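In what follows, a single structure is set out as structure tokens and then discussed.
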Number of protein chains: 4
Amino acid sequence: MATIEVISRKSQEKELRKQMILAAAKELFFEHSYEKTSMDAIAQKVGLAKGTLYLYFSNKDELYISLLIEGIKLLKQKMLQKIRENDNYEDKFIQTLVIASYEFSIEQPQYFSLMMSFQTESLPKINCISSDVTSEIEFHHNEIMSLCVSIVQEGIEKGIIDSSENPFEVVIQIWFSGTGAIVMMQCHYDDIETFCRMSKLEFMESLAKRFYKSLKK
Amino acid sequence: MATIEVISRKSQEKELRKQMILAAAKELFFEHSYEKTSMDAIAQKVGLAKGTLYLYFSNKDELYISLLIEGIKLLKQKMLQKIRENDNYEDKFIQTLVIASYEFSIEQPQYFSLMMSFQTESLPKINCISSDVTSEIEFHHNEIMSLCVSIVQEGIEKGIIDSSENPFEVVIQIWFSGTGAIVMMQCHYDDIETFCRMSKLEFMESLAKRFYKSLKK
Amino acid sequence: MATIEVISRKSQEKELRKQMILAAAKELFFEHSYEKTSMDAIAQKVGLAKGTLYLYFSNKDELYISLLIEGIKLLKQKMLQKIRENDNYEDKFIQTLVIASYEFSIEQPQYFSLMMSFQTESLPKINCISSDVTSEIEFHHNEIMSLCVSIVQEGIEKGIIDSSENPFEVVIQIWFSGTGAIVMMQCHYDDIETFCRMSKLEFMESLAKRFYKSLKK
Amino acid sequence: MATIEVISRKSQEKELRKQMILAAAKELFFEHSYEKTSMDAIAQKVGLAKGTLYLYFSNKDELYISLLIEGIKLLKQKMLQKIRENDNYEDKFIQTLVIASYEFSIEQPQYFSLMMSFQTESLPKINCISSDVTSEIEFHHNEIMSLCVSIVQEGIEKGIIDSSENPFEVVIQIWFSGTGAIVMMQCHYDDIETFCRMSKLEFMESLAKRFYKSLKK
DNA sequence: GATGAATGAGACTTCATTCAT
DNA sequence: TATGAATGAAGTCTCATTCAT
């Protein structure tokens, strides 16, 4: 019994260390980009020896990808939460398809930034990603898509959204442009408040509503 | 007179060299990313010695930034051209605010990619940018914004767009989300054609029209 | 009594473990060379923890040397066997001085290779060998030499070999060059069969006979 | 004209540097083996920066192989010299096939050691040798073989060597076992003088003569 | 202006060895 | 006795930048 406890505690500690490393890496990758963050720096930030990192992640790439997956999972959870929390259809639509991503970009700017730079720099630049990992990313991406598509379908079934709309098209248009707007906004962060005289959240809501209206019967 | 001519010819040659270097850098940056492109590789591609590059650009970052500015200028030109070419207001609106960026992303994928990765990785990551350069970028960015804003204002003045709309808000919403959608599309390029059963151009036009409709009186 | 038995069983187990480690190390050292074989890999192959190896061998070098000694012992046994098995003098001479080494190189290529690379890279390159070990190697080497010398002396006593020959010189000439030829043969293994149109065994026998003839009265 | 001189001087300097690096590497490889010699150590020995080595040799392996080829060339030259210097057939035979290698092992112990450790550790352990290099090694090896074979053939034609002998077999037997004996001798260097009461050169000559006699009609 | 050899800091990664459990 | 996480020195190699020519 005691042995089992020890093993369990050890495995917990190991998981903890892994999380600590991921946390340090997240901050540094965000602050200096993937390429400019050295394993040295990460190790120093966690307070571990350089070699120790390689006990937890076989690669710098693997570390990066692990963060990415972590991020995608968090976004998915956020979306699921939005679905649960909103009964009113319009709210559910707007919150899940647009605001979820926005809030995520505010609450987890590092993860969001990481995920976006992965989009921009695109897969091939990561040297050697095992197909396991790419398929895991694919999997979560698809789940998020399904989630969004089902919301649009619900709208069509309820007679709220025009039945001539292709749910996939709608999702891609709104999700892509919403996410894209967030990225642009992060860069030109003053423009919104200066020129539009509204908060970013209001700006995103306004964007979402405009979309929503255009879908109505 | 002769001296002036010589000077002028020399300065032309110098400008030519600069352009050659930029061209080589553009291709390589795009193909292998900023970090993975070495000055060696650029020099070899232009057929110049490594040290020579430093006569034209004081460091690698400056080369990168120069390309960025070049890109912004090209996009601005494309937008101006769209304005000139389209008399019909709807066309002018859609072409300038959305399709210009899309076409630019197709015709000059290297520049577009560069500009976007700059957005994503954000300015502070470039080591040592003189304020001259940032302000030059700012300048061109603002010009593009003004261009777009004036188009929206034209719509309001013409009574096509609802006068309660804030031109800045409109521009940022449509330009940011359009550009953002293009980035996302580049990454998940199959999704559009597979799920929406339309070409990317049609997709972008559809997105733009949806927006345009939502602005009408 | 019981205690003694326990101790004895324990010591047997310990010896067994030691042999298992040596076996794993042998295969890996041969497959990837000494330097490219990690203690990790050895531990994994035996199914023990890395730290455990250090309970049996105080460091990597000792492991290597242990194998070496093991190899020398095996070669000695092979020679003794050849002496026992051959009554006819010429056969005994040829089999013990030349063919024993050749067969050993075929049957125990790992050990042979290890022993030879030890010859080539020479002792001083191993970091920290206690004099105990070097003297053990010396001891076995001398025993083998004595064995060979006694065979030559037997030939002289029997009047088969010219009495003016110095037995030591003969042994060193034939054993060294025989072993040397085997090493070279391993490297240029095609040359023999291609150019000489004989098997390697035949080649070695031919070499040995040539030598034997030159010694006869 | 001046330019050409400058270029020529530069290329001479470059060649000189290359030789300096090779010289330093040779000593260190010999002293500590390939694996235990670091590029750092080589750089320090030549008095150059680490990175500079990579301007002359793209790899650690390439550096090693360059030395190897250098060594093979030197041995070939030594053999050619022996052929030129000796008119008497027996001398030519013994000097070229056996003593050349021995003298080489004394005069250029580093090269000899390097070449032998290459034999022992065998090609596959060097990571990535371009086929260019392997074929260059092959080329020189074959030339040496041809040289030796032609000497044996000369003996057969002159009626000195029994015409039933296969020249290839003879060469391989004598050259391989001669070289092999030298290696073994280097390791157990005391044995010869202690037990045989002769110098190593005398020992090698004795070995060669024994062989030579066995070939005579 | 143009060259390209030289630099040396710094990147990722490996691994023999130790030591707390 | 056995473990295996942790260490940190050391290894190979890259590359932006400088500077003598």
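Side chains are part of it too, since the values below use all heavy atoms of this structure and drop only hydrogens, waters and symmetry mates. In this text, all values refer to a predicted model and were calculated from it rather than measured experimentally. Chain letters run A, B, ... following the sequence lines, proteins first, then strands; residues in each count from 1.
The distance between atom CE of Met20(C) and atom P of dA2(F), rounded to the nearest whole Å, is 11 Å. What separates CD of Glu35(A) from P of dG10(E) is a distance of 17 Å, to the nearest Å. The CG-P distance, from Asp40(D) to dA9(E), rounds to 12 Å in whole Å. One can place OH of Tyr34(A) at 10 Å from C1' of dC12(E), the figure rounded to the nearest angstrom. Atom CG of Leu28(A) is separated from atom P of dA11(E) by 12 Å (rounded to the nearest Å). Rounded to whole Å, the distance from CG on Leu55(A) to P on dG4(F) is 12 Å. The interatomic distance linking Lys18(D) (NZ) with dA5(E) (C1') rounds to 14 Å, in whole Å. Here dT12(F) presents its P atom at 11 Å from NZ of Lys36(C), a figure rounded to the nearest Å.
Within the 3.5 Å criterion, the main-chain N or O of Leu48(A) finds no donor-acceptor partner in the side chain of Thr52(A). At distances below 3.5 Å, not a single donor-acceptor pair connects side-chain atoms of Ser113(B) with backbone N or O atoms of Phe30(B). Using a distance-only test at 3.5 Å, with no hydrogens or angles considered, a donor-acceptor pair links the side chain of Thr37(D) to the main chain of Ser33(D).
Stem analysis of DNA chain E (at least three stacked-register Watson-Crick or G-U pairs, each with both distances under 3.5 Å) gives E:2-21 with F:2-21.
Phe29(D) does not carry Lys60(D) over the face of its six-membered ring by the limits of under 6.0 Å from the centre and within 45° of the normal. Geometrically, Lys26(D) does not engage Tyr64(D) in a cation-pi contact, judged by NZ or CZ lying under 6.0 Å from the ring centre and within 45° of the ring axis.
Contacts between residues 42-52 of chain B and DNA chain E, defined by a heavy-atom separation under 4.0 Å, are made by Leu48(B), Ala49(B), Lys50(B), Gly51(B), Thr52(B).
An OP1 or OP2 oxygen of dA2(E) is reached within less than 4.0 angstrom by a side-chain nitrogen or oxygen of Arg17(B). OP1 or OP2 of dT13(E) sits under 4.0 Å from a side-chain N or O of Asn59(A).
A heavy-atom distance below 4.5 Å is not found between the side chains of Gln44(C) and Lys50(C). Under the 4.5 Å side-chain criterion, counting only non-hydrogen atoms from C-beta, Phe57(C) is in contact with Leu22(C). With a 4.5 Å cut-off on side-chain heavy atoms, Lys18(D) and Glu15(D) count as touching. A 4.5 Å side-chain heavy-atom check between Leu63(A) and Met39(A) finds at least one atom pair inside the cut-off.
Ser58(B) comes within contact range of no nucleotide atom at all, as no heavy-atom separation falls under 4.0 Å. When heavy atoms are screened at a 4.0 angstrom cut-off, Tyr56(A) is found touching the sugar-phosphate backbone but no base atom.
Toward the 5′ end of DNA chain E lies the nearest nucleotide of Tyr54(A), the other residue of the pair Met39(C) and Tyr54(A) mapping further downstream. Taking the nucleotide of DNA chain F with the nearest heavy atom to each of Leu53(C) and Lys60(B), the more 5' of the two is matched to Leu53(C). The nearest heavy atom of DNA chain E to Ser38(A) and to Thr37(C) marks one nucleotide each, and the one closer to the 5' end goes with Ser38(A).
The local environment of CD in Gln19(B) is crowded, with over 12 non-hydrogen atoms from other residues, nucleotides or ligands closer than 6.0 Å.
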